[in-house]
Structures are given as C-alpha cells and as structure tokens.
Amino acid sequence: MIGGLFIYNHKGEVLISRVYRDDIGRNAVDAFRVNVIHARQQVRSPVTNIARTSFFHVKRSNNWLAAVTKQNVNAAMVFEFLYKMCDVMAAYFGKISEENIKNNFVLIYELLDEILDFGYPQNSETGALKTFITQQGIKSQHQTKEEQSQITSQVTGQIGWQREGIKYRRNELFLDVLESVNLLMSPQGQVLSAHVSGRVVMKSYLSGMPECKFGMNDKIVIEKQGKGTADETSKSGKQSIAIDDCTFHQCVRLSKFDSECSISFIPPDEEFELMRYRTTKDIILPFRVIPLVREVGRTKLEVKVVIKSNFKPSLLAQKIEVRIPTPLNTSGVQVICMKGKAKYKASENAIVWKIKRMAGMKESQISAEIELLPTNDKKKWARPPISMNFEVPLAPSGLKVRYLKVFEPKLNYSDHDVIKWARYIGRSGIYETRC
Amino acid sequence: MPAVSKGDGMRGLAVFISDIRNCKSKEAEIKRINKELANIRSKFKGDKALDGYSKKKYVCKLLFIFLLGHDIDFGHMEAVNLLSSNKYTEKQIGYLFISVLVNSNSELIRLINNAIKNDLASRNPTFMCLALHCIANVGSREMGEAFAADIPRILVAGDSMDSVKQSAALCLLRLYKASPDLVPMGEWTARVVHLLNDQHMGVVTAAVSLITCLCKKNPDDFKTCVSLAVSRLSRIVSSASTDLQDYTYYFVPAPWLSVKLLRLLQCYPPPEDAAVKGRLVECLETVLNKAQEPPKSKKVQHSNAKNAILFETISLIIHYDSEPNLLVRACNQLGQFLQHRETNLRYLALESMCTLASSEFSHEAVKTHIDTVINALKTERDVSVRQRAADLLYAMCDRSNAKQIVSEMLRYLETADYAIREEIVLKVAILAEKYAVDYSWYVDTILNLIRIAGDYVSEEVWYRVLQIVTNRDDVQGYAAKTVFEALQAPACHENMVKVGGYILGEFGNLIAGDPRSSPPVQFSLLHSKFHLCSVATRALLLSTYIKFINLFPETKATIQGVLRAGSQLRNADVELQQRAVEYLTLSSVASTDVLATVLEEMPPFPERESSILAKLKRKKGPGAGSALDDSRRDPSSHDINGGVEPTPSTVSTPSPSADLLGLRAAPPPAAPPAPSGAGNLLVDVFSDSPATQPGLGPSPEEAFLSELEPPAPESPMALLADPAPAADPGPEDIGPPIPEADELLNKFVCRNNGVLFENQLLQIGVKSEFRQNLGRMYLFYGNKTSVQFQNFSPTVVHPGDLQTHLAVQTKRVASQVDGGAQVQQVLNIECLRDFLTPPLLSVRFRYGGAPQSLTLKLPVTINKFFQPTEMAAQDFFQRWKQLSLPQQEAQKIFKANHPMDAEVTKAKLLGFGSALLDNVDPNPENFVGAGIIQTKALQVGCLLRLEPNAQAQMYRLTLRTSKEPVSRHLCELLAQQF
C-alpha cells in the first residue's frame, strides 16, 4: 500500500505530488527533500526510513520518483511499480525530463489515479491504459456505448492487457533478446564474477486473441521434453543453458509453466516484455581486456591495454568504449592507439577510448603515458578497474529462441501465415577488468 | 591596508565559481572540479614557471574546491611560495591557504615558520599583521612553540604600530588559550598592564581581553590593572560621546571596551584604595543614572549597547556585594525592566534579580517585586523567561512569603511546560520543606504535588516525604489520614500509591480507630491499586501487607490469601515472587512476638543534606549563576531567608537514602525494616523448607561436582591398566569403556557442561553447545599430577556403524601435557541420522613411563539435537493422535530415584531439550513436552508426557516419535533421569 507518490526535479522542487492515504502528511514531501536529495552525504540506498516513514526512490534523468508509505510494504513490489510507472510515462511522452513532466502534469495525475487505487497498484499495462487515458480529452465524447462497455469489460475482465477485435492485414511479430553481460575479471584473466541479465521483448501485431507458445533452449525445458530420445537430449544438452531465475509478463500462464515448463500466453498488442531472466553459468564473454600498468618512478605511469574480440568473425560489435581510470594526481597524458579514438577526459579522471566497429576474433591496443604530480600524502593509488561498453549481435548467455508458435482458432490464419522476426543484442552491463 | 584594486580581481576564479554555481547536479559539479584540478595540476607541473598572479589564482581555486568539501593534496608548495611574495594580495592568499589547509605535521611547517619569522622581523606593519593572524588562526602547539617568545616582545616594543600591537595581543590570547604552558610570563607582563593607558582604543580593547584571561591564573601579577581600569572606565563613562570619534557606537562611548573593563574588575575584590573606590562608585552611579536618561536614539542598537553596560555594571555591583545603596538602585532598575516590552530584557532582569535576591542588602528590595514576578510566571509567553521567573521566586522565597509562593508555583505547575516541570516540582518540594512551619501544611503540599504532577515527582521527593513523616511523630497521624483520603480518588498516581503504601504500612494503626478507615478498608483500598502498579510499587505494597499483618492481626487471613495467590507466588518477577514466598512463610511460621520485632516501626532517619537539593544542584549543573548555587552565598544568608532546617529528633545509623525502602537492592528478602537480628531469624525460619528452586539459585556446582567424584572401586592403576603399548593407537585396539561410563554418561543427558571424568591423574571437563543438527564440544584435559604426560592422544571412536550416523571432527591436541596444566580439545559434531549408542572417547598417554589408557563414552546422545517446539494444546493432541501406531510409542513405568520435585523435573525436562507445554494436559501435575530431533538426513518429531504419582513415588513416561528406535531410546534415556 503506497501512501503517496512524489516526483522532484534535480533541485528537489516538487513537480508531482499525489497522496493516497491520510497517514502521509505534507511534511513527508519536505522530509525526503531534506534528508535525501539535499543530504550532505550522498544517499545510496534506494530505501530511506525517516521518522517511521519509508521512502522508495528511483532516479530518472535527474528527476526523483519517490513512493512513500508508513506500512511495512513489499519493497520489491514498490520498485516494480515505480519502474512500471516510468515505462508508462515514457510510453506516453518519451523521455522523463523535467520539461516533459511539467508539460504533461495533467496526464500524469490522470495516470496516477488509474494505476494506483488507495495505494494499491492496478492495471499498469500501457496498451490497455492508452485506450481510455488519452492526451486528447475530446475523444471520450465520441466514444460509443459499445466502446465504453468494451473498456469496462477489458479493465475488469480476465485478460486486462488485450483488447478484443483487433485486426491486422499482415500478422507480424518481432522478438528481441536483449541481454546485458556483467563481468569482473582479475588482471591475470581469471573471472571473479560474471552474470547475464536478459530480457525477451516482443512486439506483436496479431489479429484477435492468439495463443502463443514460446520455446527456448532452457535446460529444464529441454530435458523435460527430450525425455523420449536420449540422443536428442545429449545433442541439445550441450547447447542448452541454465537459467538461474526468471520472471514473466502477467500474460504468461504460470500454472502451465509450472506443470509443463512451457511458456504460453495471449500477447498484448504492440510492445511488451515477455520475460526477464538471469544466468551465471557458461557465459560467452565477447571481449577480453588485457591491462598492463607499469609505474616508472613517482611521476610517471605507463599503461598498455589490449582488447580481444571473442566471437564469430562474421559478427560486428558496435559502440565500443574502453574507460581507463587515471590517478588523481595526473598532470598530463599522451595516448597512442591503432584503432578508434582515445582521449584523456580530465573531468572524469579517465582515458576514454572509443571504437565504432570491431569484427570478431580481432585485437586492438592502446598505450598511454601518464605524468603525475608528486603529492603530499603517501596514499597509494587504488587502481580502479578498467571498464568497457559495447554492443554485440549475439546473446552472451547462449540463449536461443527455438520456436514461437501462434494459434488463433477463431480467425482463419495459421502459424505459417505469421511473419516472425528475431534478433539478439548483447550489451555490456558492468564489464570490468582489474589492473 | 591596500585595498584590492579592480584590475587585481581574478577573472578565472570568478568564471570557475560561477560555473560551479550553475551546475545542475552534484555529478556535474564533480566533473567540473575534476577538470579544473587536472588543469591546475598540469599548470603546476608545467616546465615554465608561473608568475605570482596565476599562482595566486590557482591557489585560490584550490582553496575554493577545498571549502566545497573535496580533498586537496597538492599546491601547498605553491602557497608557501606565495608567502615570500612582496605583493599584499599574493601574501594574503598564501596565508589564507595555509591557515585553512595546512596540517601541523606537514614537512612544510619549517618553510612556513621561516616565512612567518621573516614577516614578523620585517618593518612592514601589514605583513606583520598577516603573520600574526596566521599564527592565531592556526593556533597549533607547534606554532606556539615557535613564536610564543616573540609575540610578547612585539606587543610591548615601543616602536610597534598600534594595529600590530592589537593583533599581537589577540594572537597571544589565542595561543594562551590553546596552550597556556607555552606562553612565558616575564617582565613584559607589567608592561602589558600599561597598555590600558594606550592612546589607541583598539589596543586597549585587545589588551583588556588578554589581561582578563591572564589574570584569572595569576591575579597577583596583574593587580595594578585595577586602578588603571577604573581610571580608564571613568574616562569613558564621563566623556561626552563625541570624544571617542571612532569608538562611539550609536551615541554610546566604547561599549565593548566598557563591558570588558567591567568584566576585568569582576576578577578582583573591591579596590581598597579609597580614592580608587570612590571613583569607581562614581562611575557605577553614572551608569545607573544614564539608564534613567531618555534614550538618545530610537535605534535598537543604542539601547542594546546601553543595556549591555548596565547589566555588566549590575553584575559588578552584585559581585562586590558591599554597597547597599547601589544594590537597591540596581534592584529598582531591574524592577523597571521586569515590565519592559523587550523579552530579552525581561529575561536578563529576572536572571540578574536571582543573584540580587541572595544578597542581604537587596533581598528585601527584590521581595517588593513578588507580584510582578508571579504575574510573569503566569502570563509570560516565552518558556525560558517563565523558567527564570520560577528561579527568581525560588530565590526570593523566605518564611514570610513561602506559603504564597508555594501555592503560586503549585498552581502554575498544572499548566507548566513539560521541560521545566520536574525542576519546579523539586523547587516546590524544597521550599515546602525548608519553610514549613507546621508539617501538616508540608504533607498537604507534597501530596498535592504528587497529585498534580505525579510523573515529574522523582524518587527523591517522595523518599524525602517519608523521611520527614517518619522522623516527626506529630504529623504521622495527619499524614496517614491525608494519604488515606488521597488514595480514595478513583485514579491516583503511582507515586501516591507508593507514599500511601508506605505510610499506611507504618502508621495505619493511627487512623484504624475510625470505622471509615478500619484495617480491612485500608487494605482493600491499597489492594485495589495493586494491579495497576509497576513491579517496584507492588513489591513495596507486599511489604505494606506484611506490616498490616503485624499491625492488624485481623487482616492476616485475607493477606495470606493474597500472598498465596498464584499471581504472587508464581510471579515472573523474582523479587515479587521472593517477597511473596518469604512473607507468607514468615506470617505463618513466626509467632506474634517475632513478627512484632521483625516488623517494628521504622526508626527515624539520620538527618543529612536533603537529597532533593542535591538533585536540583545536579540538574542545574555547576556555574548556574542563580541563588541555588550555594557556593556563591555566604552562610549567613540562610538566616536572612529565615529558613529553618527541620531538625531530627533522634539519630540512628546512617544509610543512603536511595535504599530507604530496600527496593533497589535485589537480595534483601526480609521486610524492609529488618534489624540486624532478623536476618538470622529468617534463615532459621526457612531452613526447614524443602530444597528450594533449583532454577533460581545459582546451580549448586560444587554439589554437582562432588557427586561426580568417581566411586573408584579399583585402584586407579588397575583401572588404567592396559597392557597394549601406546605405540600406534588404532581404533581397533581401544579397550572397552570403563564400567562407570554409562553412569557418567547419564549425568550429561540433561546437562551440557560439567566434569566428565576424574581420577588421581586426570580430570576431563566438558563444555558443549548444540544447535539443530550441529554441535561443538570442548573437552578440557587437566593433568592433576606434577609430572608431564607424554604421548597424550585423545581419540574419538565410532563403534559399529555409528560413523554413518554421527560425524565427529576432532582437532589434534599437543602430545605433552605439563603437570598441573590443562589442554583443550574442540570437537565438531554433526548428527547425520538418528543414533543409539554414543561414540567412545579413548585417551592414551604415558605417565612416568607407564602407558595409560582410558575409554569413556562421549556425552553425545540423541536428545542433544532436540529442538524445542511450542504448540497449542489442540495441535499437540492432533499430533499425538497421528503417532498412534503401537511401535511409535514407548512407555515406561518406573520408580523415582530422586525426590519428586516439580521444579527439578521441569528443569530436567528443559535440559533434556524438549519444550514444556503448559495448559495442555488436563492434570496440572503432569508434564507435556514437544520437540524435533534434527539430523542431517531427517527430522524426527517427538512428543512426550510424564505423569508423576507422588503417593506411589512412581512415574509413567510416554514417548511418541515417528521412529520406533528413537522412541525407545529416548524413553530409556529419560527414565534414568528421575
């Protein structure tokens, strides 16, 4: 039960304030501003407890979204709601900037009325919301009784996310596997920790109420289904992946997943996130960073970094950025790199090396000379890790989409008529190598 | 001083600061700062030398960044370089950076000191001032050591400029405050005093501050300053304000200097020289006269400055306390302020009047304002002013107006702020006691006090009432009557119950004649409050009850019934339980004579300083300049106030008032008044009662240990005789366990710690703890001989297939055990499955060349892995029924080996590991327990029921578990315990 929801800009001025319960007073707004936004020490915990009131906040482009409650609520639920709220706002007016929030405040209050009722989260499906919360206020007058009753039945019905009676000439669906790979590696190349968090995002343009079935190379599913032929199990067992945990969109039938390990659902129209998952085993690391740091006396440092791409040569990685931290007493930097552009960014205390494109099984190198200013305190430089950003067209977890079948018994189109697209994108999360 | 010219402003710095101010977020600010730092680093590192201007600019930026809260670890060298510049602005920035940022242990301190020395030696007054300011700002010990000798020289040098002298005086003051031992006293002190005659007012002001501080330590060295100060003061006071052009502040001539001079004079007694004294009195009178003049300006600064001097004058008058005329005038002046519009003035007036009230000359004058003060207490809006008013009322109180003041304060108490209630309560209590003419008034007042503000009446207050009532026979009857009436209110404060309980217990007999307050009525009145009170009060009431038994034998049956009630005898609080048990026994065992002796009326308390007064002083803290601070009052002032300390009629042995009622000390089981003889009596009374509460008293460890003394049927050598040579003790060749092993093991079924085995050579102690299916056991092997044991090796052996049921990891121990020494061995135990036989502990060693070996059963039984489980009666019976198969149940009927004591049995069952469930079995004599045996492989739920039969001295024990062998084994184990 969320007691209230506030949105602040970067200065701590209140942009949106909606209170759902009486136990949240006006002073709660100020308490959060004083104790969190204007705190002397940066507050890093997303949950802050001030005077028996809990504040859960997320930051979106320098704006603060804070949910407030006096009760002992499920924190994960509150954050899930805040993220969903961000998604909804983004779907309505794009970037969540101060400007946009100010321009759309009426809409935001309208949304807040709809998706939270007395502090209890309600339907937050963008597609469904868009049918009755529109930015053109006039439209509702022209709605026929039929349409209105349709909205009612949808909102209160079993399938709240999908409208009935949608028709497309071309039945088409897009499937994106988006993963972010996180890594911490020792200077010697030993993996200290690695995990992949991924999402399967779907965009569907399908007529009617189709029943979809999604299959991937998850170990449990494959073992369960491949019981009959031992041969197949061993073959596919090699390629199957172990998913540590996963969550699904509300449209997925969990009972069916529990009993048969099959993911079946009626998709909402347009874009939605089908599932989220995490893996920690057998991760494909697209890049290897080999650092070499040599301290020459007290006033000089030599850094050499080699990156190797470790995937099929036919694939192209993009937006590669390597960030090499420099000591705090750096007074000058010379950089030489063979590929891409490198620059010392004093404001970030780092050398930033950017490469636009890089094919698989290649390597590239940068070397830098860093001049240091002798300082008074003898503190040694802590050597923060070298971090990296990139985008590769593969799934580092090894996840493969095996099938996506569509059944629509009422309308006359079959699985073959649907045009399906699948795409894999692997991005870097926190991808660090110690040096 | 050269002003900063416009062209000298640093554009780069201004741009940087405005950039930072325009940053939208913290991150952006940090980015900007990082960029600037990198730029400065590259500039400082750069090969070409920087000119003074850019150096100054960058040092300024660094300083700004530091003040924003970031660490700066470079640039010190550049700042030190700036010190040697000849430009004022550059030098100034250098000094600024150093006074803010330099840490004393830096290597640069030598360079800095050198630069300061150069500047001090230079003839340029501006540079000298900068250096002095830097010393004062840093003020570290190192600085003091380096310059403490130089500064007095500069201060008294004839050719120093005024501004330098001023700075030097303040700098010296700072160093003196930081480390007084460093500043050398010498011939310069005499010359410092003469600075009071300096032409320059600034120098005089600085010098007065310095002298005030210095003379506190060596008053004699600076004695001459008094006459100089007086003449200076008279010159200022009598001057037309136009004389001191620069130092006239809103028509008041040199107010700061005047205040400081008056403060300085307060360090010394009144001047003895008549001329000086006359001049001073004249000054003081002039100040008082000036206060009467109409203000020259309507500005608040004018009146502030004027009043500052006036109040300081009044404090000087109070300090001298020898001029009745001046004191009365001061008092009148303050009286005018009492009704002033300005809250601060009213506050100050009340505060000063507090001190005036304690002076013999002005006390009467202060008393004339009583109505105004009482009015202030009632109507003042500011709580701090009300507090001062209360203080003043307290200070001006004497016998003539005590009743009025006390009643006013009591009335005020009802609406008083929470913050000052406790203090007012204390004050009322003290005044009531001090000026009590008749003690019935005192008792009324205090009872009123408790009624109005019971929560704020501290222990000391009601202790004091009881002390006084106990000590004075004349009020006892009245007190009992009043208390009885007060207690009849439907809701009365707990403190009232305490006072009532105590007084009725002592003097209830004095009012028992009246049928309205007959003994049963008294008792039922008190007992009606009993259940609402805290433990301490209840304990007190129990003491009252036992006293009632003595006073009114007719109430004995009722009171015994109360004491016998389960809520007392089985109270969770040990103190209450103990009191109930002991009083009950005392009342039923002791004869009336004994009772009368034990429960005699309390002897009078010894007179000592009122504990309330002590508390009030503590609350005020030292140095609270009010009348409460007795150190400032001469002893005669007590007589002036007309106070009479209540004198005790008799004096008995001293005892601290805190345990007046014996409530605090936990053990005293006897009735509070227990005279010395009663202790023995009580011991006798209780000696024939059965062995009491094993759970309560410290478990009789000695008795337990002596029980464990091995019976030793054979000689120890025979016992330990094992022909097998101790070359390589494999698990196979351990001997069978010693005959007593089983018995020793049984001792540990319900205990975790104790002595496992002992003979003439060796003692083995055990300490163990178990949690779920894991356990840790410490074995302590003590060598009782004076000879070293060789090849000492204890091993744990699993007979049969125990290995698969129980995993025991042992740590190795040293192979030698010195004579008299003890070694410790840690065993980590994990229960894998349920098991029946305990593992064996085999100990081998060589004693004087002869191999010894010994095998014991390790005290690990299945019940150690019991996890107690609480459940409701319904759940218990449901589970009990679920385990109804015949093989799941094990039952044993056996004869009791030990006395059948419910408490002992309870302790044993708890030690066995199960939870004891109350209110499950319909028969309260029976014990019902439940628990889960945790093993790694499985958990075995277990329910037990023990039915003692006291007549037949038999027990019936029934155990139901989900596994048949476990039921039987547990049943056997437990049966041996009773």
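As a basis for the values below, the full set of heavy atoms in this structure was taken, side chains included, without hydrogen atoms, waters or symmetry mates. Every chain is numbered from 1 and lettered A, B, ... according to where its sequence line falls, protein lines coming before strand lines. The structure displayed is predicted, hence computed values, not measured ones.
Not a single side-chain hydrogen bond (donor to acceptor under 3.5 Å, both in side chains) links B:Gln867 to another residue, sequence neighbours left out. B:Lys26 is linked by a salt bridge (Lys or Arg N to Asp or Glu O under 4.0 Å) to nothing, counting only residues two or more places apart in sequence or in another chain. By the side-chain hydrogen bond (donor to acceptor under 3.5 Å, both in side chains) test, B:Arg32 is found to be paired with B:Asp19, B:Glu36, residues two or more places apart in sequence or in another chain being considered.
Heavy-atom pairs under 4.5 Å with chain A peak, among B:Arg41, B:Lys35, B:Lys24, at B:Arg41. Ranking A:Thr299, A:Leu373, A:Leu372, A:Asn9 against chain B, the residue ahead of the rest is A:Leu373, based on heavy-atom pairs under 4.5 Å.
Between the side chain of A:His57 and the backbone N or O of A:Phe32 there is no donor-acceptor pair closer than 3.5 Å. A:Ser45 places a side-chain N or O within donor-acceptor distance of the main-chain N or O of A:Val47, the cut-off being under 3.5 Å. Between the side chain of A:Asn35 and the main chain of A:Ala31, a donor-acceptor pair closer than 3.5 Å is present.
Interface with chain B: from residues 347-356 of chain A, residues A:Ser347, A:Glu348, A:Asn349 qualify, criterion being any non-hydrogen pair under 4.5 Å.
When heavy atoms are compared at a cutoff of 4.5 Å, A:Asn329 approaches chain B by way of both its backbone and its side chain.
Under 3.5 Å, the side chains of B:Tyr95 and B:Asp119 contain a donor-acceptor pair of N or O atoms.
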